[in-house]
Each structure stands twice: as structure tokens, then as C-alpha cells.
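Read the structure below first, then the notes.
Here is how names work: the chains are called A, B, and so on, in the same order as the sequence lines, proteins then strands, and each is numbered from 1. Atoms considered below: every heavy atom in the structure, side chains included; atoms not considered: hydrogens, waters and symmetry mates. Everything numeric here is computed off the predicted structure, so don't read it as measured data.
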There are 2 protein chains.
Amino acid sequence: MGSGPTYRRTRQRDAVLSVLDRFRARRVHPTTDEVYVNVRRTLPRISLATVYRNLDVLAAQGIIQKLGMGCSPVRFDGDPSDHVHIRCVRCGRVDDLDGVHVTPSKDDATTFNGYEVIGLRAEFVGVCDTCRMQHAGKSRTHNDAHRPCSSGGCHAADQGNKN
Amino acid sequence: MGSGPTYRRTRQRDAVLSVLDRFRARRVHPTTDEVYVNVRRTLPRISLATVYRNLDVLAAQGIIQKLGMGCSPVRFDGDPSDHVHIRCVRCGRVDDLDGVHVTPSKDDATTFNGYEVIGLRAEFVGVCDTCRMQHAGKSRTHNDAHRPCSSGGCHAADQGNKN
DNA sequence: ATCTATGCAAAGCTTTTGCAATCGT
DNA sequence: ACGATTGCAAAAGCTTTGCATAGAT
């Protein structure tokens, strides 16, 4: 079928990947904007749109991973390998979860309900230590910008306080 | 801790839930806008903001489920029980997956990496029959409005066509 | 030469919010 | 009464797109 475009190597693409690699070393999963801010240090004239485009291209190539599961903003992982993440519902932070494996895996099925299976997206949700430390209750401090999951609980969230 | 507000019963809330129930019977997982359009048939003057607010309230109560995993727009499930979904990366459609269970489950862990675990969000991604039928290649027809997962593959997507 | 990539600005889409009025308990 | 809820309109946030130019192969 469609073989797609022939990707080219550009300074911008290299710079984006390089930033992703640096984040990867710290096991941090940045948002597009965080990547943008960092790339700017090398290429001050790069545009945000270019960062968006390059992150998508790199993800399409399987060189990096787009963590699209949570609510926006999307985050990326420089490590394309199959591993489980956990996301903080308060601040949006994402961490790797070592030693946790989910079954069935994306390879255990090729069709379901008429769907041709591509993969499984799984991540745990919780509250990170940093957020837990800051008054369990109100404040939503250390990263207020990224509202992780609207207001109402996402998915199989809390429940409990029926009334 | 905070016991939260005392929810009240309103015509709008009832109507939203009733629409969700109807979708549930068909095992369809609507977007906020689809709920809005439907509720309008009963309450023509209801506002979109009210629908957003009510869907969140109902999800916070655990009466319905907010499927926040995929990319926007968010979809809802009138069935609050814990079950696995599969989402079409082409059109965004979501279906229930009977008989599939994911382990570990959200109850298998209470802490990870300093996180206090709330739950696990897991869903398969694939291409639905409808989309597969329409030229495997280009068209993105039957529900073009909802761009499911940006352009680049989400998560552990395709891979393969490295170059 | 051809087709991909870039920058910029504008637009798009989903979702949230401020506020005054209204409704539920 | 008290506080939750509603409508409306505006704003916000993230992401995509059109277009002319520059760049890669």
C-alpha cells in the first residue's frame, strides 16, 4: 500500500531528537512545548509547528513514542520500547514503571470485534509523591499549567464519594 | 477530607444521563458533542457547557465512565463497570471488548515509584471494520470530524515503515 | 528537478470559565 | 435562605494548516 513519504534529515529534526534523547536519559517525558523550549537553545528560530511536525514524524517512524493516552497536552518518550507508564492526575507528570507488564500484550491478538489490532495503550494513573506532599487537599502547585484530566475522574478513577 | 458538593437533581442532568443510557443500550460511546446534539431534542435550550459539566459530575459520581485515554474529543460510556475498550485510530470510534481482561488490574497495586495508584487505563487501538473497508489507504471518511490521534502514530503504534 | 521541510500567522477544535439569573433542597 | 446549576459568551489551551520560501536528495 502507501509507502509514505521519504523522510529527510534536517537540522531541526536532529535537534528535536537530540533533545528527546536528553530527556530520555533523565527518564522524563516532555510535552511538545517543553521540547520546543529546549530546542530553541540550539535553534532559536525553530517554530513550534516544526516541533509538532517533527515529533509526529519521529513517532511515525517508531523512533520515539507518543504518549497519547492521557489528556492533553500530549507527552513524548524518547524510548520507543514497550513499557508501562504511570501518570499523575494532579500535575500530569509521567514516569516509567519498571518491572510491570500488562497482559494481554499488543501481540496477543490480531483481531477483535472486527478491528485489526494495532496495539494496546495502558498506563496507570495516580498521584505522584510531589503532589501528595503538597497538602493532600487543595493546592495544585508544582505544574499547574498542565491540567491532566479535566475535572471529573477519568476512567476507572476514584469513585467512592457517591454522596 | 473534602466531602464535595451535594449534587442536585435537575432536568438537564436527568436528560444527559438518559441520553447516555440510550447510547449504552447500543453500546456506543459518544463524544460530548454527540450527547449535546441528542439532549437538545429533549431540552432545546440546554447549553454545551452544561453538558460538559454534567458529564463530568456523572463521571465523578461513578455513574458513567469518562474514556479519557484516547486523544480528544473525550468519549463517555454509560456503563461504569470495569471493562476493556478498543478504539479505532482512523475514526475514533470506541467499542467494548467482551471477555478481555487486563492484568495487573487497578487493584493490584497501591503504590508505584512513590505514586499513590488510583487506577489503570487500558485500551486497545486498531482499525475498525468500517474504516478497513474504505480503501485501506487514503480516505478517512465516515467520521472525519474526530481526529483520533493526531497524525503520528500514538504510542506503540505501527512502527515498521522505517524508511 | 522534485518533493519534503520550515516559519509564520491564522484558524480549528475541544474544553473551561466568569457572571448574573434560576432552581433544588 | 443557601448553595448548586444553568446559559451565554468569551477565553483558554493545544494542535493543525495554508502558503511562500528554503532545503535535501
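- Atom CD1 in I46(A) sits about 15 Å away from atom C1' in dA22(D), given to the nearest Å.
- The nearest whole Å value for the distance from the OH atom in Y36(B) to the C1' atom in dT14(C) is 14 Å.
- Contact annotation: T6(B) side-chain N/O to dA4(D) OP1/OP2 distance is not under 4.0 Å.
- With N54(A) contributing its side chain and T50(A) its backbone, the two residues share a donor-acceptor pair below 3.5 Å.
- In the set dC8(C), dT17(C), dT6(C), dT6(C) carries the atom at the smallest distance from any side-chain atom of R13(A).
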Checklist entry - Are Y115(A) and F124(B) close enough, and set up right, to give a side-chain contact (heavy atoms from CB on, under 4.5 Å), and what steps lead you there? => result CA-CA 10 Å; Y115(A) 278 77; F124(B) 282 87; over 6 Å; no
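- The closest side-chain heavy-atom distance from L67(B) to R87(B) is below 4.5 Å.
- Nearest nucleotide to the R53(B) side chain, out of dT17(D), dT6(C), dG18(C): dG18(C).
- Residues I64(A) and D77(A) are not in side-chain contact: their nearest non-hydrogen atoms beyond the backbone lie 4.5 Å or more apart.
- In this model, no donor atom of one side chain and acceptor atom of the other lie less than 3.5 Å apart for R75(A) and T32(A).
- Looking at heavy atoms from C-beta onward, E116(A) lies in side-chain contact with R132(B) at the 4.5 angstrom threshold.
- The residues D95(B) and R27(B) are annotated as not salt-bridged, no charged nitrogen and carboxylate oxygen being separated by less than 4.0 angstrom.
- Here the P atom of nucleotide dC14(D) and the NZ atom of K66(A) are 15 Å apart, to the nearest Å.
- Considering only side-chain N and O atoms, Y52(B) lies nowhere under 4.0 angstrom from the phosphate OP1 or OP2 of dT16(C).
- Under a 4.0 Å N-O distance rule, the pair D21(A)/R26(A) does not qualify as a salt bridge.
- Between the side chains of D96(A) and H85(A), a donor-acceptor pair is found at a separation under 3.5 Å.
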Do any N or O atoms of the protein come closer than 3.5 Å to N or O atoms of nucleotides 21-25 of chain C, and which pairs are they?
unit_1, atom_1, unit_2, atom_2, d
dG24(C), O3', R9(B), O, 3.4
dG24(C), N2, R8(B), NH1, 3.2
dG24(C), N2, R8(B), NH2, 3.0
dG24(C), N3, R8(B), NH1, 3.2
dT25(C), OP1, R9(B), N, 3.3

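- Within the helix from dA1(C)-dT25(D) to dT25(C)-dA1(D), the inter-axis angle between the opening and closing five-pair segments is 50°, rounded to 10°.
- One finds no side-chain N or O of Q12(A) lying less than 4.0 angstrom from the OP1 or OP2 phosphate oxygen of dG23(D).
- Between the side chains of D79(B) and S81(B), at least one donor-acceptor pair of N or O atoms lies under 3.5 Å.
- Atom pair R45(A):CZ and dA5(C):C1' shows a separation of 16 Å (rounding to whole Å applied).
- For the pair L55(A) CG and dT16(D) P, the computed distance is 10 Å after rounding to whole Å.
- Residue contacts shown for L48(B) include a base, since a base heavy atom lies under 4.0 Å away.
- Atom-to-atom, CG of L43(A) to C1' of dG23(D) comes out at 14 Å; the value is rounded to the nearest Å.
- What separates CD of E34(A) from C1' of dT15(D) is a distance of 16 Å, to the nearest Å.
- We find that CZ of R40(B) is positioned 12 Å from C1' of dC8(D), with the value rounded to whole Å.
- Side-chain proximity of T32(A) to dG7(C), dT15(C), dT15(D): nearest is dT15(D).
- Nearest to the side chain of N54(B), among dT15(D), dC8(D), dT6(D), sits dT6(D).
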